[in-house]
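Take a look at the structure set out below.
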Protein chains: 2
Amino acid sequence: MSDDDPKPARGRPRTMNAEKVLDVAMTAYWQSDPADVSVNAICQMASISKPSLYREFGSEDGLSRAVLDRYAEQVLSEVFVALDGGQGLRQTLAALIDFASADPRMETGCLFYKMRAGKHRLGPETRTRVEEIDGAAQAAYAAFLQAARDAGEWPDGLSVDAGAKYLGEQIALAITQRASGEDKARIREMLTLALSVFTRP
Amino acid sequence: MSDDDPKPARGRPRTMNAEKVLDVAMTAYWQSDPADVSVNAICQMASISKPSLYREFGSEDGLSRAVLDRYAEQVLSEVFVALDGGQGLRQTLAALIDFASADPRMETGCLFYKMRAGKHRLGPETRTRVEEIDGAAQAAYAAFLQAARDAGEWPDGLSVDAGAKYLGEQIALAITQRASGEDKARIREMLTLALSVFTRP
DNA sequence: GACATAAAATACCGACCGGTAATAAAATGA
DNA sequence: TCATTTTATTACCGGTCGGTATTTTATGTC
């Protein structure tokens with residue numbers, strides 16, 4: 001996935017560091033909101049010119065898509081790993097609760113959820129990627145719950161798919177509340193309450 | 001609250017109907033999102049000129065604030081009435097579930113929740129009003145739950161305030177999902193599951 | 001040195017934004 | 001009829017947006 005840098009050996013050497021630009025953009029998008037950060041602002045923060053950015057990413061859509069990919073790689077992957085870890089139902093739910101209500105990286109919310117909430121404001125590439133990730137997350141939640149169901153306890157009359165969607169939305173809600181400055185303990189209390197439906201006799 | 005129309009008796013008679021403008025703006029804000037509807041667009045939809053709008057409402061902030069007040073009067077009041085109705089816990093929760101997951105007016109979401117979600121993009125007047133309404137809603141939920149608690153069943157170890165916040169956020173989540181085209185039955189299923197924590201033995 | 005190449009930066013484009021100054025139109029009062 | 005008052009409209013303001021044409025700068029090659 002990485003280097004297609006055949007060392008051009010001709011022409012002015014590039015000073016722009018795409019990784020650094022992605023970092024700057026990801027931080028800015030994440031800390032505030034993709035819809036509230038302009039390409040101009042990113043160029044300024046990254047100390048590059050606009051044409052440089054456009055030559056690298058093609059468009060604002062291309063940039064935000066690249067940022068989202070990076071975010072999925074660096075942050076979301078952890079959640080997928082936790083879901084796939086084969087730990088028990090209660091233990092995994094506890095880990096999810098910890099992540100959503102206490103992980104310091106989620107203090108300003110989750111970039112993916114911010115993008116999903118403002119889906120209609122995204123370009124087509126980024127929007128498509130958001131939908132793909134959303135589907136993958138739902139599938140991962142469903143697989144996790146299916147395993148738990150096979151292993152024993154499960155509330156009567158609840159489909160795995162509905163449970164997966166419910167679980168995902170509750171986590172999204174909790175993290176979104178983090179971004180709005182809600183008290184961490186409160187969020188933990190509410191998320192624990194919401195997820196208690198999975199571990200009720 | 002209504003008529004300060006002392007019949008000016010002089011000058012060119014006004015053709016602008018403030019009520020109609022509010023209706024147009026409320027519909028537009030509600031159907032899409034306040035952040036995605038410009039003053040220009042509203043003027044065009046209402047067939048008035050921009051200065052007419054600004055003379056009536058002062059600013060975009062003034063307009064959105066007036067729209068929010070109208071929305072609170074016309075829509076949110078019903079929810080407050082339902083909470084205040086003194087019906088039992090289960091019955092009132094069922095009514096809330098119906099409203100959130102099936103009321104046709106919520107098919108494109110709730111204007112108040114849209115404003116709250118994009119609070120930072122609102123002007124100061126409107127933002128203040130959003131916070132006032134949010135506080136009032138939380139108080140109403142808390143009063144409702146307190147009454148239910150006095151009347152009997154209540155999950156151990158859950159404070160009324162936390163329960164009120166939880167209840168409000170679950171309803172907000174359900175209605176927001178309506179706006180994103182989620183299946184009504186699914187939403188009802190998930191909201192019922194979330195609120196089942198209040199009616200568990 | 002002259003030339004080709006590739007990346008940089010400047011300066012611009014048209015579109016739209018919220019908001020307003022200047023002016024035209026429609027009514028009443030004298 | 002003509003001034004006054006009130007409203008409506010046109011045309012504009014400065015600013016920001018995403019995006020780009022143009023030019024400058026830095027390198028390797030000959």
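As a basis for the values below, the full set of heavy atoms in this structure was taken, side chains included, without hydrogen atoms, waters or symmetry mates. In what follows, chains are A, B, ... by sequence order, proteins preceding strands, each numbered from 1.
One interatomic measurement links the two molecules: CZ of A/Arg10 to P of C/dT5, which rounds to 6 Å at whole-angstrom precision. Computed from coordinates, the A/Met16 CE to C/dA9 C1' distance equals 14 Å when rounded to whole Å. Atom CD of B/Gln44 and atom P of C/dG18 are 13 Å apart (whole Å). Atom P of nucleotide C/dG19 and atom CG of B/Leu63 are separated by 10 Å, given to the nearest angstrom. If you take CD of A/Glu60 and P of D/dT16, they are 17 Å apart, rounded to a whole angstrom. Going from atom OH of B/Tyr54 over to atom P of D/dC13 covers 17 Å, rounded to whole Å. To the nearest angstrom, P of C/dT20 lies 15 Å from CD1 of B/Ile48. Atom CD1 in B/Ile42 sits roughly 14 Å away from atom C1' in C/dG19 (whole-Å rounding).
If you check every strand for non-hydrogen atoms under 4.0 Å, B/Pro51 touches a base. Within the 4.0 angstrom heavy-atom criterion, base atoms lie near A/Ser49.
Here C/dA7 is the nucleotide among D/dA8, C/dC17, C/dA7 with the atom lying nearest to any side-chain atom of A/Arg55. Considering only side-chain atoms of B/Pro13, the nucleotide from C/dA26, D/dT20, C/dA8 that sits closest is C/dA26. Among D/dT9, D/dT6, D/dT20, the nucleotide with an atom closest to any side-chain atom of A/Lys50 is D/dT20.
Between A/Arg65 and A/Glu132, none of the side-chain N atoms (NZ, or NE/NH1/NH2) sits under 4.0 Å from a carboxylate O, so this pair counts as no salt bridge. Taking 4.0 Å as the cut-off between side-chain N and carboxylate O, A/Glu189 and B/Lys165 do not count as a salt-bridged pair.
Listed pair A/Asn40 / D/dT16 fails the phosphate criterion, with no side-chain N or O lying under 4.0 Å from OP1 or OP2. Look at A/Arg14 and you won't find any side-chain N or O under 4.0 angstrom from OP1 or OP2 of C/dA6. For the OP1/OP2 pair of C/dA25 and a distance below 4.0 Å, the side-chain nitrogens and oxygens of B/Arg12 include no atom meeting the criterion. OP1 or OP2 of C/dA8 lies within a sub-4.0 Å distance of a side-chain N or O belonging to A/Ser52.
Within the 3.5 Å criterion, the main-chain N or O of B/Ser101 finds a donor-acceptor partner in the side chain of B/Arg178. One N or O on the side chain of A/Asp61 and one on the backbone of A/Thr126 form a donor-acceptor pair closer than 3.5 Å.
Once rounded to the nearest 0.5 Å, the distance linking CD of B/Glu56 with CG of B/Asn17 reads 9.0 Å.
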